[in-house]
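Sequence positions, counted from 1, serve as the residue numbers for this chain. All values below come from the heavy atoms of this structure, side chains included, with hydrogens, waters and symmetry mates left out. Fair warning: this is a prediction, and the values are worked out from it, not measured in the lab.
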Amino acid sequence: MSHPGLLKTLNECEYPAEFLVARLLGKKGALFRNWEFLITSNDPVESLQNTPFYIFLKKDAAPDIWRFLRHEYLWVYKRMNNKLRNQFEPYFVYHEINPLLVCLRYLSCKKEINHIAQALHNSLLHNDIQDILTSSLDFVSILQALESRLCTSSVSFNGLRENYAKGGFAALEVFIRDCFFASLLSRKQPFMVKDFLQYMVDFHNCISMAKTLRWQIEAEPTLTSGGTVPLDRFNDAYFHKDLTPVLKYLHLKDADDAVSTIQKLETALLRFISRKLQSRFLQRTVVGDILYYLWEQYRYTRNISLVLNTMLLDDEPVRESIVA
């Protein structure tokens with residue numbers, strides 16, 4: 001008997017993969033290229049009036065831009081055949097980790113159920129998982145039910161309640177992210193999708209180490225296995241209190257400058273990942289084309305969110321943080 005996956009079960013779409021790719025290339029071609037007009041605009045929302053983002057910004061601009069990304073990912077997922085859904089399940093699951101953690105954070109703080117519903121709007125998480133998150137159970141019981149459900153996908157998730165009991169929500173958050181990465185990286189998948197996951201492991205490890213060093217946290221950061229950077233290089237960075245060699249191992253441009261602030265590091269790493277995925281796109285394969293399209297939607301959403309949340313700041317720091 002097969003176990004339910006982590007994502008929604010939908011009726012199969014019969015579109016050939018090449019047809020979907022052609023539609024996505026057309027949609028991607030409609031995106032604007034000039035970020036300067038948005039950064040310097042006195043009314044960024046109105047500047048986006050003729051873009052697909054505008055309809056999601058009219059009510060509550062900054063938070064609602066992420067509704068666009070969830071809507072777009074659901075749109076693509078619905079139009080994939082089962083083969084493509086299986087191939088891209090790890091990508092979509094990765095992007096559901098943060099909404100899941102947001103829901104759990106709300107639940108741990110006993111937020112009203114409408115906060116959970118908003119966080120799950122257009123979520124691709126399986127209905128079983130969403131039902132647990134929106135149940136009337138107390139938080140520990142929700143963790144117990146969630147642990148049992150996630151363990152049907154991977155035994156890696158065994159220990160949610162234990163980690164929460166020992167280290168609170170911070171420990172739970174790290175444990176859940178590690179479990180998802182361990183589960184996703186263990187699967188058979190297209191090498192381009194696996195490359196993406198490994199880059200994201202590197203991203204989270206670099207940010208975690210940078211925060212530990214900058215804030216002089218005594219405890220070593222919890223690192224995730226499976227990235228392209230060996231963990232012993234991060235251990236050396238912690239010992240020498242210098243992340244620069246790790247960034248040079250990744251061949252990150254301007255590593256010395258990137259390590260100067262957390263914001264600069266995040267931007268540099270996201271630009272690095274964008275270049276990697278763009279190089280896959282230039283190979284013109286079905287998987288590479290779809291992967292780059294999905295990432296581009298994330299990149300645009302992240303950039304627009306940044307602009308909308310920094311309207312009162314000088315333009316130059318915002319300009320430097322755009323992932324172009």
Euclidean distance, Glu89 CD relative to Leu6 CG, rounded to 0.5 Å
6.0 Å
Can you hop from Leu282 to Val21 via hydrophobic side chains spaced under 4.5 Å?
yes
Mind checking whether Phe181 and Tyr94 have ring centres under 6.0 Å apart?
yes
Between Phe37 and Phe32, how do the two ring planes meet: parallel, tilted or perpendicular, split at 30° and 60°?
perpendicular
To check you understand the geometry: which heavy-atom pair defines the closest contact between Val193 and Val287, and what is its length?
CG2-CG1, 4.2 Å
Is NZ or CZ of Lys241 both nearer than 6.0 Å to the six-membered ring centre of Tyr238 and within 45° of the ring axis?
yes
Rounded to the nearest 0.5 Å, how far apart are CD1 of Ile132 and CD of Gln130?
11.0 Å
Where do Val201 and Ser225 come nearest, in terms of heavy atoms and distance?
CG1-O, 4.0 Å
Are Phe203 and Met192 connected, step by step, through hydrophobic side chains (Ile, Leu, Val, Met, Phe, Trp, Tyr) whose heavy atoms are closer than 4.5 Å?
yes
Identify whether Ile262 and Leu247 are in the same connected component of the hydrophobic contact network (ILVMFWY, side-chain heavy atoms under 4.5 Å).
no
Could you see if Phe191 belongs to whatever hydrophobic cluster contains Leu197? Use Ile, Leu, Val, Met, Phe, Trp, Tyr and a side-chain cutoff under 4.5 Å.
yes
Using 30° and 60° as the class boundaries, would you call the ring planes of Trp35 and Tyr300 parallel, tilted or perpendicular?
tilted
Which pairs, with at least one residue in residues 286-303 and sequence neighbours excluded, count as a salt bridge (Lys or Arg N to Asp or Glu O under 4.0 Å)?
Glu266-Arg302, Arg284-Asp289, Glu296-Arg299
Just checking, Lys276 and Trp295: is the charged tip under 6.0 Å from the six-membered ring centre and within 45° of the axis?
no
Hey, does Tyr293 have a side-chain heavy atom less than 4.5 Å from the side chain of Lys27?
yes
Decide yes or no on side-chain contact (heavy atoms from CB on, under 4.5 Å) for Asn81 and Tyr15, but give the supporting numbers first.
CA-CA 6 Å; Asn81 57 40; Tyr15 284 160; over 6 Å; no
Give a yes/no verdict on a cation-pi contact between Arg280 and Tyr292, requiring under 6.0 Å between NZ or CZ and the six-membered ring centre and an angle within 45° of the axis.
no
So, does Ser154 use its side chain to make a donor-acceptor pair with the main chain of Cys151 at under 3.5 Å?
no
Give a yes or no on whether the ring-centroid distance for Tyr77 and Phe88 is below 6.0 angstrom.
no
Walk me through whether Phe175 and Phe157 qualify under ring pair (Phe, Tyr, Trp, His ring centres under 6.0 Å).
CA-CA 8 Å; Phe175 180 74; Phe157 291 99; 7.8 Å; no
Mind checking the CG-CZ spacing from Leu146 to Phe139? Nearest 0.5 Å is all I need.
9.0 Å
Kindly indicate, with the supporting measurements, whether the criterion side-chain contact (heavy atoms from CB on, under 4.5 Å) is fulfilled by Ile207 and Leu269.
CA-CA 9 Å; Ile207 295 297; Leu269 289 168; 4.1 Å; yes
Donor-acceptor pair, side chain of Asp254 and main chain of Asp257, under 3.5 angstrom
no
From Leu250 atom CG to Arg233 atom CZ, the distance as rounded to the nearest 0.5 Å:
9.5 Å
Which atom of Ile65 lies closest to which atom of Thr301, heavy atoms considered:
O-CG2, 3.6 Å
I'd like to know whether the aromatic ring centres of Tyr164 and Phe169 sit less than 6.0 Å apart in this structure.
no
Evaluate whether atom CD of Gln216 has more than 12 neighbouring non-hydrogen atoms of other residues, nucleotides or ligands under 6.0 angstrom away.
no
Are a donor atom and an acceptor atom from the side chains of Tyr91 and Gln189 found within less than 3.5 Å of each other?
no
Output the distance between atom NZ (Lys188) and atom NZ (Lys194), rounded to the nearest 0.5 Å.
11.5 Å
Considering all heavy atoms of both residues, which atom of Lys248 and which atom of Ala255 are nearest to each other, and what is their separation?
CG-CB, 3.9 Å
What distance do Met209 atom CE and Leu243 atom CG have between them, rounded to the nearest 0.5 Å?
7.0 Å
